[in-house]
K.L.:
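Structure incoming, see below.
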Protein chains: 2
Amino acid sequence: MNSISELQDFIINGHKHYMPHISIDAAIFGYHDHQLKILLSGYKAMGGYCLPGGYIKRTETLDEAANRIVAESTSLTDLYLKQYKTFGDPDRIKWNELDFEKFSKEVGVPYIKDSWLIDQTISVGYYALTDFSLVTPKAGLLSDSCNWFNIDKIPPLLYDHDQMVKDSLHTLRTQLYYYPIAEKLLPAKFTLTEIHAVYETLLGKKLDIRNFPKKLVFLGLIKKLNEKRNIGPHRAPFLYKFDLKKYTKALETGTTLT
Amino acid sequence: MNSISELQDFIINGHKHYMPHISIDAAIFGYHDHQLKILLSGYKAMGGYCLPGGYIKRTETLDEAANRIVAESTSLTDLYLKQYKTFGDPDRIKWNELDFEKFSKEVGVPYIKDSWLIDQTISVGYYALTDFSLVTPKAGLLSDSCNWFNIDKIPPLLYDHDQMVKDSLHTLRTQLYYYPIAEKLLPAKFTLTEIHAVYETLLGKKLDIRNFPKKLVFLGLIKKLNEKRNIGPHRAPFLYKFDLKKYTKALETGTTLT
DNA sequence: CTTTATTGTGTAAAATTTACCAAATAGAAA
DNA sequence: TTTCTATTTGGTAAATTTTACACAATAAAG
């Protein structure tokens, strides 16, 4: 939790810099070595976990705001980041004057009537992807903790964030063959075994180790390099790199890459 | 244009019923007999055309608001309707005090300083689909006209609405095999030739007349009925109907239907 | 030079897509 | 009645793509 004065200023003057009624919530997925995790913020005052989120500055585009919000909890920018859906049920967040009074008391801030934070908010959902081993999660201005959770051990989340996780993961999986999603997850030069593991883990299912890379190479999404990597007492695997031009070209023409 | 008093009330008191900073813009596509059109609202005060749009009531979900907004210009509800993207560049709408003063003068409403309409708005993009021959377009509270435009004769639109048309059409086309999009465009019982024409027109390309229906039947998306239609001096074609269960099941399991 | 673990080529079988011929109508015209 | 015209469809061969899997090719340690 940040300084009380900073929080207080946000509650009183936030609407001058941020737009009310609209927030961004980010499903930040982390991959490393066959494991898929998601970043969750803990809120003591509300007694539960949420996806990291925040408001949009009046000077920012949505993508810029999402980048900033992701950076606040990961300290990383330039992750693979994509908008997937906007959530706008008026009942999705039940956050009325009473809740706000309770919240103010919990965090030790004087209660402010008619705060810009009261009232319904529509939330633009983004998902992001990174290597979780590179990230030391950081709690935000309003949250008390921030940690990686294994994708199949997610606690029940507050508000409609369970639905957000479900929708974002579904989008991530369907877009895996259309966008260079895995590109930010791997070093510039990687082996077939490495990219195979990424796809298997993100999709949550087995893929034939021999046919899978053939497909990617055939589609031109990755290119074989004339280099090998030394991996100890085994045959040295060739290195590959992404061909990002292929993705953009395929997206323009609308070609299917599955 | 509606009554001045109604418009004036909207400008002064709108924020009590609608959320500021967030709007919905709908790309309403109309199909009929091999033709694809789009519905555009004309604004004299701004000298151009836009997609029909509106604000979100504080009691509505996004889908409900989109339905209402679509109904305002088409007088129809229950069209195929889908959210595709949210647009949030702070520069996407340049609508400052000066513009608003000019607008107020044009429509003959006293100028109100600090109106809730001033300032940037984020817009949630929806697309809808209907049979344009069933629709008599209707201008809204702020617009002066509303008409169908052939999809390849769209005038340059205001703000970022050209991009919206492009994105929405792209989404419509990619989703055509995954969702029962054409279902609302055809009678409950239709011939293969009819659905073939719908797909060709919406996709903007030729599809093999013999293989195309075989695919739909094989996938189980449409079912052959034991009835024929009389079409004059030619062989009577069989009638088919959509199997909506197949779509929902395929969406659950994430199966690809292309 | 054998063993072990992993990479990666090649290929045959299975499944799917594509192209298109020709038969089956239904009524109009001869 | 018999042709003629326009359209709907069944069927099928060829082309392409996907899937399964045998086994050859390392690299280094023992």
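Lettering of chains follows the sequences in order, A, B, ..., and the numbering in each one begins at 1.
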K.L.:
Please state how far atom OH in B:Tyr177 lies from atom P in C:dT17, giving the value in whole angstrom units.
P.N.:
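The answer, rounded to whole Å, is 11 Å.
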
K.L.:
Measure the distance from CG on A:Leu216 to C1' on D:dT18 and round it to the nearest whole Å.
P.N.:
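One finds 14 Å between C1' of D:dT18 and CG of A:Leu216, rounded.
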
K.L.:
Among the candidates D:dA22, D:dT9, C:dT7, find the nucleotide nearest to the side-chain atoms of A:Arg210.
P.N.:
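Shortest atom-to-atom distance from the side chain points to D:dA22.
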
K.L.:
What's touching nucleotides 27-30 of chain C from the protein side, N or O pairs under 3.5 Å?
P.N.:
unit_1, atom_1, unit_2, atom_2, d
C:dG27, OP1, B:Asn230, OD1, 3.3
C:dG27, OP1, B:Asn230, ND2, 2.8

K.L.:
Mind telling me whether B:Tyr84 and B:Tyr127 have parallel, tilted or perpendicular rings, with 30° and 60° as the class edges?
P.N.:
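If you compare the ring of B:Tyr127 with that of B:Tyr84, the planes turn out tilted.
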
K.L.:
Is the centre of the A:Tyr178 ring less than 6.0 Å from the centre of the A:Tyr247 ring?
P.N.:
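A:Tyr178 vs A:Tyr247: aromatic centres not under 6.0 Å.
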
K.L.:
Taking atom C1' of C:dA15 as reference, at what distance in whole Å does atom CZ of B:Phe218 sit?
P.N.:
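For the pair B:Phe218 CZ and C:dA15 C1', the rounded distance is 9 Å.
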
K.L.:
For A:Lys241, does the NZ atom sit with more than 12 other heavy atoms under 6.0 Å from it, leaving out its own atoms?
P.N.:
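No.
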
K.L.:
Under 3.5 Å, is there any donor-acceptor pair linking the side chain of B:Arg235 to the base of D:dT8?
P.N.:
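In this structure, the two groups form a donor-acceptor pair.
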
K.L.:
Restricting to salt bridge (Lys or Arg N to Asp or Glu O under 4.0 Å), what partner residues turn up for A:Lys206, sequence neighbours left out?
P.N.:
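A:Glu200.
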
K.L.:
Over how many whole Å does the gap from A:Asn211 atom CG to C:dA12 atom C1' extend?
P.N.:
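One finds 12 Å between C1' of C:dA12 and CG of A:Asn211, rounded.
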
K.L.:
Excluding sequence neighbours, so at least two apart, what forms salt bridge (Lys or Arg N to Asp or Glu O under 4.0 Å) with B:Asp63?
P.N.:
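Applying salt bridge (Lys or Arg N to Asp or Glu O under 4.0 Å) to B:Asp63 gives none.
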
K.L.:
B:Lys214 NZ to C:dC21 P: how many Å, rounded?
P.N.:
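It works out to 13 Å between those atoms.
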
K.L.:
Please check if atom CZ in A:Phe132 has more than 12 non-hydrogen atoms from other residues, nucleotides or ligands closer than 6.0 Å.
P.N.:
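Correct, the count exceeds 12.
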
K.L.:
Taking C-beta and beyond as the side chain, do B:Val70 and B:Leu76 meet within less than 4.5 Å on heavy atoms?
P.N.:
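No; the side chains remain at least 4.5 Å from each other.
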
K.L.:
Using a heavy-atom distance cut-off of less than 4.0 Å, which residues of residues 198-209 of chain A contact DNA chain C?
P.N.:
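Result for residues 198-209 of chain A: none.
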
K.L.:
So if I take every side-chain heavy atom of A:Leu192 and compare against C:dA26, C:dT17, C:dG8, which nucleotide ends up nearest?
P.N.:
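Between C:dA26, C:dT17, C:dG8, the one nearest the side chain of A:Leu192 would be C:dG8.
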
K.L.:
Output yes when A:Arg92 and A:Asp25 qualify as a salt bridge under the 4.0 Å nitrogen-oxygen rule, no when they do not.
P.N.:
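A salt bridge is present here (some side-chain N lies under 4.0 Å from a carboxylate O).
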
K.L.:
Would you say B:Lys224 reaches D:dG10's phosphate, i.e. side-chain N/O to OP1/OP2 under 4.0 Å?
P.N.:
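Answer yes for this pair, as a side-chain N or O of B:Lys224 is under 4.0 Å from OP1 or OP2.
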
K.L.:
To the nearest Å, how far apart are A:Leu239 CG and C:dT6 P?
P.N.:
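In whole Å, C:dT6 P lies 18 Å from A:Leu239 CG.
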
K.L.:
With A:Gln35, which residues qualify under side chain to side chain donor-acceptor pair (under 3.5 Å), at least two apart?
P.N.:
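For A:Gln35, no residue satisfies side chain to side chain donor-acceptor pair (under 3.5 Å) once neighbours in sequence are set aside.
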
K.L.:
How many Å lie between CZ on A:Arg229 and P on C:dG8, as a whole number?
P.N.:
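One finds 11 Å between P of C:dG8 and CZ of A:Arg229, rounded.
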
K.L.:
For the aromatic rings, using the six-membered ring if either is Trp, is the centroid distance between B:Tyr177 and B:Tyr199 under 6.0 Å?
P.N.:
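Yes: the rings meet the under 6.0 Å criterion.
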
K.L.:
Take B:Glu64 and B:Arg68 through the salt bridge (charged side-chain N to carboxylate O under 4.0 Å, His left out) test and state the conclusion after the steps.
P.N.:
CA-CA 6 Å; B:Glu64 285 164 358; B:Arg68 175 180 51 78; over 6 Å; no

K.L.:
Contact class for A:Thr191 (heavy atom, under 4.0 Å): base, sugar-phosphate, or nothing?
P.N.:
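Counting heavy atoms under 4.0 Å across all strands, no contact is made by A:Thr191.
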
K.L.:
At 10 degrees resolution, what angle do the end axes of the helix from C:dC1-D:dG30 to C:dA30-D:dT1 form when each is taken over five base pairs?
P.N.:
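Between the first-five-pair axis and the last-five-pair axis there is 30°.
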
K.L.:
Tell me: CZ of B:Phe212 to P of D:dT8, nearest whole Å?
P.N.:
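Checked: the CZ to P distance equals 13 Å.
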
K.L.:
Should the pair A:Glu194-A:Lys189 be classified as a salt bridge under the 4.0 Å nitrogen-to-oxygen rule?
P.N.:
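Answer for the salt bridge query: no.
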
